[in-house]
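Computed from a predicted model, the values in this text were never measured in an experiment.
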Amino acid sequence: MQSLYKTNFNDIPLLKRGKVRDVYDLGEYLLIVATDRISAFDVIMEQPIPNKGKVLTQISNYWFNNTKHIISNHLTSTDVNEYPAICHKYKNELENRSMLVRKTNPILLECVVRNYIAGSGWKEYLSKSSICGIDLPNGLTEYGKLPHPIFTPSTKADVGHDENIDFMCASEIIGKDIAIKVKEYSLELFNYATTKLLNKGIILADTKFEFGIDNENNIILIDEVLTPDSSRFWLLSDYEAGKTPYNFDKQVLRDYLESIVWNKQPPPPTLPPEIINKTIDRYNFISAKIIEG
């Protein structure tokens with residue numbers, strides 16, 4: 001199975017390399033290439049997850065096309081034949097793992113929505129009985145359902161650790177009016193996806209959205225949407241509060257990294273083949289559920 005860890009398009013200006021995506025500047029547009037890199041605890045692993053970038057692109061494309069009634073997005077095309085001519089020589093690398101998108105001014109906030117308590121949210125709840133300044137009832141259990149979905153933003157870091165913040169802090173970073181809008185959009189997108197996924201036997205525990213402002217000053221949806229990299233997906237038929245859920249995201253990788261001696265700083269440990277295989281199997285399963293189910 002082929003994989004793509006890093007792109008190298010010398011005649012196209014590279015704008016940035018993120019944790020997973022390589023972004024190129026095509027003038028009016030951006031070219032976003034989803035590589036097979038994977039990160040955990042904000043550290044990029046040194047081994048790829050084969051074809052992961054293709055899975056992410058297919059899932060994001062599905063959600064971009066199915067959420068236009070809620071908010072516009074930056075996607076222009078995923079057909080390499082419709083890209084500028086300079087891209088065509090790289091068709092083999094770009095096919096099924098790239099997007100041609102409109103340029104925006106990114107809003108520098110990770111817009112996280114949670115409906116269940118897990119991960120960093122669980123750790124924060126144990127110490128403060130709250131998440132991102134939102135007080136929660138006593139007696140919640142790990143992986144338990146929250147009374148309602150909550151907006152729990154974090155800072156956005158291409159390198160290093162994102163940090164959970166409260167809504168007031170988010171408003172100071174991006175402005176109160178924009179913060180209110182992205183909160184509303186995030187919750188509406190989350191509720192829409194939750195309903196669709198429950199009908200397919202999948203729980204959307206939490207996810208993160210990213211937004212930008214286009215040249216007409218509209219807030220639009222950007223980056224990736226409701227993928228295994230940005231979300232926690234659990235099997236509904238297996239779910240029980242307090243019990244580790246059967247998941248279809250990168251929790252397999254996180255669990256492995258938690259089980260070994262590693263300080264969660266670079267360099268990352270070498271991943272066993274079984275962890276790589278389990279990860280892509282879970283990604284492929286959720287992709288099929290979302291797109292074909």
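- In this structure a side-chain-to-backbone donor-acceptor pair under 3.5 Å is missing from Asn199 to Leu197.
- Closest heavy-atom contact between Ser287 and Val55: CB-CG1, 3.7 Å.
- Residues Gln58 and Ile291 have side chains in contact (heavy-atom distance under 4.5 Å, counting atoms from C-beta outward).
- Contact check on Arg102 versus Asp214 returns a salt bridge, with a Lys/Arg side-chain nitrogen under 4.0 Å from an Asp/Glu carboxylate oxygen.
- Using a distance-only test at 3.5 Å, with no hydrogens or angles considered, no donor-acceptor pair links the side chain of Lys19 to the main chain of Val43.
- Pairs passing the side-chain hydrogen bond (donor to acceptor under 3.5 Å, both in side chains) check and including a residue from residues 186-195, sequence neighbours excluded, do not occur.
- Under the rule for a salt bridge (Lys or Arg N to Asp or Glu O under 4.0 Å), the partners of Asp25 that lie at least two apart in sequence or sit in another chain are Lys103.
- In this structure, Tyr83 contributes its side chain and Ser98 its backbone to a donor-acceptor pair below 3.5 Å.
- Looking at Asn51, its side chain never comes within 3.5 Å of a backbone N or O of Lys54 through a donor-acceptor pair.
- The structure places CG of Leu136 at 10.0 Å from CZ of Arg114, a figure rounded to the nearest 0.5 Å.
- With salt bridges taken as basic N to acidic carboxylate O contacts below 4.0 Å, one links Glu224 and Arg21.
- By the 4.0 Å N-to-carboxylate-O rule, Asp22 lies too far from Lys16 to be salt-bridged with it.
- The list of ring-ring contact (aromatic ring centres under 6.0 Å, His included) pairs with a residue in residues 97-121, not counting sequence neighbours, reads Tyr116-Trp234, Tyr116-Tyr239.
- Between the side chain of Ser231 and the backbone N or O of Pro228 there is no donor-acceptor pair closer than 3.5 Å.
- Side-chain contact between Leu257 and Pro269: present, with at least one pair of heavy atoms (C-beta onward) separated by less than 4.5 Å.
- Judged as a side-chain hydrogen bond (donor to acceptor under 3.5 Å, both in side chains), not a single pair has a partner in residues 175-185 (not counting sequence neighbours).
- Residues Ile38 and Tyr283 are in side-chain contact: their nearest non-hydrogen atoms beyond the backbone lie under 4.5 Å apart.
- The side-chain heavy atoms of Thr270 and Glu46, taken from C-beta on, include no pair separated by under 4.5 Å.
- Evaluation of the salt bridge (Lys or Arg N to Asp or Glu O under 4.0 Å) rule for Asp238 yields Lys243 as partners, not counting sequence neighbours.
- Membership of the apolar cluster around Ile222 extends to Ile220, as traced through chained side-chain contacts below 4.5 Å between ILVMFWY residues.
- Leu204 is not listed as a side-chain neighbour of Asn115, based on a closest heavy-atom distance of 4.5 Å or more.
- A search for side chain to side chain donor-acceptor pair (under 3.5 Å) contacts involving Asn65 returns Asn61, not counting sequence neighbours.
- Scanning for salt bridge (Lys or Arg N to Asp or Glu O under 4.0 Å) contacts around Arg232 gives Asp206, with sequence neighbours left out.
- Applying the ring pair (Phe, Tyr, Trp, His ring centres under 6.0 Å) rule to Tyr90 yields the partners Phe9; only residues at least two apart in sequence or on another chain are considered.
- Side-chain atoms of Ser154 and Glu163, non-hydrogen and from C-beta on, never get closer than 4.5 Å to each other.
- Side chain of Thr152 to backbone of Cys132: no donor-acceptor contact under 3.5 angstrom is found.
- Note that CD1 of Ile59 and CD1 of Ile290 are 4.5 Å apart. Values are rounded to the nearest 0.5 Å.
- Counting only heavy atoms from C-beta outward, the side chains of Leu253 and Ile49 never approach each other to under 4.5 Å.
- In this structure, the side chain of Glu110 does not engage the main chain of Lys156 through any donor-acceptor pair within 3.5 Å.
- When the salt bridge (Lys or Arg N to Asp or Glu O under 4.0 Å) test is applied to Lys89, the partners found at least two apart in sequence or on another chain are Asp11.
- Screening Asp36, Thr57, Thr78, Thr35 for a side-chain hydrogen bond (donor to acceptor under 3.5 Å, both in side chains) with Arg97, the sole residue that qualifies is Asp36.
- Put simply, the side chain of Thr7 reaches to within 4.5 Å of the side chain of Tyr24, judged on heavy atoms.
- Just one residue in the list Thr227, Asn284, Asp229, Thr279 forms a side-chain hydrogen bond (donor to acceptor under 3.5 Å, both in side chains) with Lys52, and that residue is Asp229.
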From CA spacing to verdict: side chain to side chain donor-acceptor pair (under 3.5 Å), Glu82, Ser77
CA-CA 7 Å; Glu82 296 177 353; Ser77 178; 2.7 Å; yes
Which donor-acceptor pairs under 3.5 Å do side chains of residues 137-150 form with protein atoms, sequence neighbours excluded?
none

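- Here the shortest heavy-atom pairing between Cys87 and Leu31 reads SG-CD2, 4.1 Å.
- Listed by first then second residue, pairs satisfying ring-ring contact (aromatic ring centres under 6.0 Å, His included) with a partner in residues 241-276 read Tyr246-Phe248, Phe248-Phe285, not counting sequence neighbours.
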